[in-house]
Amino acid sequence: MAASTTAAPAPCYDAPEGVDVRGRYDREFASILTRDALGFVAGLQREFRGAVRYAMEQRREAQRRYDAGELPRFDPATRLVRDGDWTCAPVPPAVADRTVEITGPAEPRKMVINALNSGAKVFMADFEDALSPTWENLMHGQVNLRDAVAGTITYRDAARGREYKLNDRTAKLFVRPRGWHLPEAHILVDGEPAIGCLVDFGLYFFHNHAAFRAGQGAGFGPFFYLPKMEHSREARIWNGVFQRAEKAAGIEPGSIRATVLVETLPAVFQMNEVLHELREHSAGLNCGRWDYIFSYVKTFRAHPDRLLPDRALVGMAQHFMRSYSHLLIHTCHRRGVHAMGGMAAQIPIKDDAAANEAALELVRKDKLREVRAGHDGTWAAHPGLIPAVREVFEGHLGGRPNQIIIGDGAAAGGHEHEGASVREEDLIQPPRGARTVDALRLNVRVGVQYLAAWLGGSGSVPLYNLMEDAATAEISRVQNWQWLHHGAALDAGGVEVRATPDLLARVVEEEMARVEAEVGHERFRKGRYEEAGRIFSRQCTAPELDDFLTLDAYNLIVAHHPANEIRTDDQQA
């Protein structure tokens with residue numbers, strides 16, 4: 001009798017009704033994408049997708065008003081919230097000291113271990129701007145964080161013969177899911193892509209919430225960072241997600257805590273309202289300053305009187321940036337929560353000691369400014385910066401874990417904080433400085449190289465001694481678009497020229513040749529640089545500004561595998 005030639009069914013994920021997993025099957029991924037975990041994510045999607053759709057439409061409606069000439073402002077309807085005498089839930093002792101936090105992607109695995117061992121107080125593991133959201137990255141990231149929470153994460157570097165494992169003392173783990181606007185095309189719920197942040201949050205929470213309990217009550221985690229919000233209605237959705245998750249897990253209300261990144265211009269006018277919506281779950285606010293600059297351009301895209309100068313000149317000395325930082329500190333301390341400072345993106349310069357020391361001195365000055373202003377902690381992009389940042393913050397704090405004085409938003413010295421006097425016009429004052437062709441060129445080099453790396457699966461990219469993520473690539477893109485759209489006058493070595501599509505085309509051609517020379521012909525040929533150059537050029541010259549660089553390019557990294565039927569128990573063995 002002839003042997004059967006019927007092929008065994010391909011392995012696939014055990015998904016509940018209405019859920020279709022289109023990503024590549026992997027046994028390790030299957031330990032994350034269990035039937036119950038996918039059911040939990042699907043429940044979040046079904047309950048909150050309507051509210052998310054409405055919030056995204058309200059974003060578009062607000063932008064239409066800004067395009068028509070309206071300026072962002074404090075909402076008169078929520079004055080009672082801003083003026084009210086209320087505070088958020090007490091700061092959990094587990095995260096009272098957040099003087100220095102390191103950030104990085106949730107994948108690769110070695111980077112997660114190094115960040116947890118870095119000496120920072122907190123590691124923010126990122127599924128957002130520092131991670132290219134390929135299926136492989138997202139799922140490996142979930143596996144990494146599950147193992148990190150369990151304390152079992154290890155990595156062997158066979159080439160170096162080195163084993164990586166956790167130290168006895170590690171940083172507290174915060175996780176940043178994607179923003180509300182990003183889909184997860186590899187998981188469909190009722191025939192539509194899942195909301196990316198609900199996938200990131202849902203899978204991580206489902207598998208790890210129990211490890212944070214250890215017999216303790218509210219405020220002991222899990223801990224999160226929440227990105228890209230523009231209005232308190234979006235914080236209200238997150239609060240509902242947290243409440244549903246806590247109820248489903250049978251844990252105490254307020255167990256989950258989250259820090260909101262204030263990284264959009266509209267959100268700076270909503271800080272009290274955001275904290276009020278999340279007051280049971282709040283762990284403060286953070287100055288996401290690179291995305292904030294990006295948002296300033298995007299919000300005022302139709303306003304030719306608000307053109308950005310060279311991005312290197314848009315630092316915290318600019319009045320609108322300093323006002324934003326001071327108002328955030330005042331708001332957070334008035335409400336009894338952390339006011340976190342911004343990112344130090346420098347990375348060690350190994351082959352030039354003098355340049356490295358100069359870069360460290362810039363970091364020290366920036367962090368000294370932050371701690372003197374009242375920030376309770378700050379961000380660093382590389383473990384090599386941690387000692388310098390800790391020295392600045394801990395030296396100023398003198399043994400205190402933070403600078404929070406609840407009630408009146410006073411500064412640590414007892415006097416009224418400068419943020420108390422910030423007004424609407426302070427937050428939108430146009431930045432000052434030169435606009436140059438050299439900056440146009442740098443924007444092209446940074447934007448193209450970052451996008452090429454992102455398309456290739458890397459979301460955290462060292463470029464010109466800085467660790468770049470999607471935020472700095474976005475600044476490069478929108479600044480070029482703004483200058484071209486409004487025909488900005490640019491300095492070309494003492495000669496004034498107008499920003500035009502023809503100028504950009506010439507600059508792109510020249511800078512692509514420079515990039516090829518810098519990275520090498522073979523790497524350039526094998527990478528996705530030419531594709532990235534085409535995408536970046538198209539976005540810089542588009543009639544209307546695209547909302548997000550990565551949203552436009554997302555479909556280029558989606559890799560669907562054929563849908564399979566649910567496996568039997570024998571197939572799962």
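In this text, all values refer to a predicted model and were calculated from it rather than measured experimentally. What's counted below: heavy atoms across the whole structure, side chains too, no hydrogens, waters or symmetry copies.
A salt bridge does not link Arg477 with Asp546: every distance from a Lys NZ or Arg NE/NH1/NH2 to an Asp or Glu carboxylate oxygen is 4.0 Å or more. Between Arg64 and Glu57, at least one side-chain nitrogen of the basic residue sits less than 4.0 Å from a carboxylate oxygen of the acidic one, meeting the salt-bridge criterion. Using a cutoff of 4.0 Å between basic side-chain nitrogens and carboxylate oxygens, Arg98 and Asp376 are not scored as salt-bridged. Under 4.0 Å is where a charged nitrogen must lie from a carboxylate oxygen, and between Asp547 and Arg60 no such pair does. Between Glu128 and Arg176 there is a salt bridge, with a side-chain nitrogen of the basic residue lying less than 4.0 Å from a carboxylate oxygen of the acidic one.
A donor-acceptor contact shorter than 3.5 Å links the side chain of Asp97 to the backbone of Thr99. Proximity of a side-chain donor or acceptor of Ser118 to a complementary backbone N or O of Ala115 within less than 3.5 Å is detected. Counting only distance, with no hydrogens or angles, the side chain of His338 and the backbone of Asn286 share no donor-acceptor pair below 3.5 Å. Remark: side-chain polar atoms of Glu474 are not paired, donor with acceptor, to backbone N or O of Phe548 under 3.5 angstrom. Put simply, the side chain of Asp200 gets close to the backbone of Arg178: a donor and an acceptor are under 3.5 Å apart. Between the Glu246 side chain and the Ser255 main chain, a donor and an acceptor come within less than 3.5 Å of each other. Asn144 contributes a side-chain N or O that, together with a main-chain N or O of His140, makes up a donor-acceptor pair within less than 3.5 Å. Of the possible polar contacts, none joining the Ser282 side chain to the Leu278 backbone as a donor-acceptor pair under 3.5 Å is found. Trp86 contributes a side-chain N or O that, together with a main-chain N or O of Val81, makes up a donor-acceptor pair within less than 3.5 Å. Not one N or O on the side chain of Trp180 forms a donor-acceptor pair closer than 3.5 Å with the backbone of Val52.
A perpendicular orientation is assigned to the rings of His186 and Tyr554, their planes being inclined by more than 60° (bins at 30° and 60°). Ring geometry, Phe223 versus Phe212: the interplanar angle exceeds 60°, so the pair is classed perpendicular (tilted spans 30 to 60°). Using the six-membered ring where Trp is involved, Phe174 and Tyr225 have ring planes that are tilted, between 30° and 60° apart.
Shown here for Ala245 and Ile256, the closest heavy-atom pair between the two residues is CB-CD1, 4.2 Å. Minimum heavy-atom separation, Leu226 to Met229: CB-CE, 3.8 Å. Among all heavy-atom pairs drawn from Pro543 and Trp481, the shortest one is O-CZ2, 3.8 Å. In terms of heavy atoms, Gly342 sits closest to Thr378 at O-OG1, 2.9 Å. Between Leu203 and Ala37, the closest heavy-atom pair is CD2-CB, 4.0 Å. The two residues Phe224 and Pro177 make their nearest non-hydrogen contact at CD2-CD, 4.4 Å.
In this structure the side chain of His181 reaches within 4.5 angstrom of the side chain of Lys228, judged on heavy atoms. For the pair Phe123 and Val112, the minimum side-chain heavy-atom distance is below 4.5 Å. Side-chain contact check for Val268 versus Tyr292: some heavy-atom pair is nearer than 4.5 Å. Looking at Trp135 and Ile187, their side chains come closer than 4.5 Å, going by heavy atoms from C-beta outward. For the pair Pro16/Phe40, no side-chain contact is recorded, criterion being any heavy-atom separation below 4.5 Å from C-beta on. In this structure the side chain of Glu370 never reaches within 4.5 angstrom of the side chain of Met340, judged on heavy atoms. Put simply, the side chain of Ser476 reaches to within 4.5 Å of the side chain of Arg311, judged on heavy atoms. A 4.5 Å side-chain heavy-atom check between Met467 and Ser460 finds at least one atom pair inside the cut-off.
Taking the salt bridge (charged side-chain N to carboxylate O under 4.0 Å, His left out) definition, one finds that Arg236 meets it with Glu277, sequence neighbours left out. Residues satisfying the salt bridge (charged side-chain N to carboxylate O under 4.0 Å, His left out) test with Arg233, not counting sequence neighbours, are none.
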Test side chain to side chain contact (heavy atoms under 4.5 Å, CB included) on Asp426 and Phe320 and set out the steps.
CA-CA 6 Å; Asp426 295 311; Phe320 84 104; over 6 Å; no

Output, in order, the C-alpha distance, side-chain angles, deciding distance and verdict of salt bridge (Lys or Arg N to Asp or Glu O under 4.0 Å) for Glu192 and Arg53.
CA-CA 13 Å; Glu192 64 180 13; Arg53 287 194 192 102; 2.9 Å; yes

May I have the step-by-step check of ring pair (Phe, Tyr, Trp, His ring centres under 6.0 Å) for Tyr13 and Tyr25, ending in yes or no?
CA-CA 7 Å; Tyr13 299 103; Tyr25 177 81; 5.0 Å; yes

Evaluation steps, side chain to side chain contact (heavy atoms under 4.5 Å, CB included), between Ile405 and His333:
CA-CA 6 Å; Ile405 298 176; His333 289 178; 5.7 Å; no

From CA spacing to verdict: side chain to side chain contact (heavy atoms under 4.5 Å, CB included), Tyr450, Phe536:
CA-CA 10 Å; Tyr450 180 82; Phe536 190 79; over 6 Å; no

Can you list the steps and then say if Met271 with Leu327 is a side chain to side chain contact (heavy atoms under 4.5 Å, CB included)?
CA-CA 9 Å; Met271 290 192 291; Leu327 182 59; 3.5 Å; yes

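Within a 6.0 Å sphere centred on CD of Glu70, heavy atoms belonging to other residues, nucleotides or ligands number more than 12. For CZ of Arg24, the number of neighbouring non-hydrogen atoms (other residues, nucleotides, ligands) closer than 6.0 Å is greater than 12.
To the nearest 0.5 Å, atom CG of residue Leu265 and atom CD1 of residue Ile428 are 7.5 Å apart. Atoms CG and CG, from Leu38 and Asp14 in turn, are 8.5 Å apart once rounded to the nearest 0.5 Å.
Centroid-to-centroid, the aromatic rings of Phe201 and Phe127 stay 6.0 Å apart or farther. Residues Phe242 and Trp238 bring their aromatic ring centres within 6.0 Å.
Ser232 pairs with exactly one of Glu273, His276, Gln270 by the side-chain hydrogen bond (donor to acceptor under 3.5 Å, both in side chains) rule, that one being Gln270.
Looking only at atom types and distance, the side chain of Ser325 has a donor-acceptor partner in the side chain of His375 under 3.5 Å away. The closest side-chain donor-acceptor pair between Thr331 and Arg335, if any, does not fall under 3.5 angstrom.
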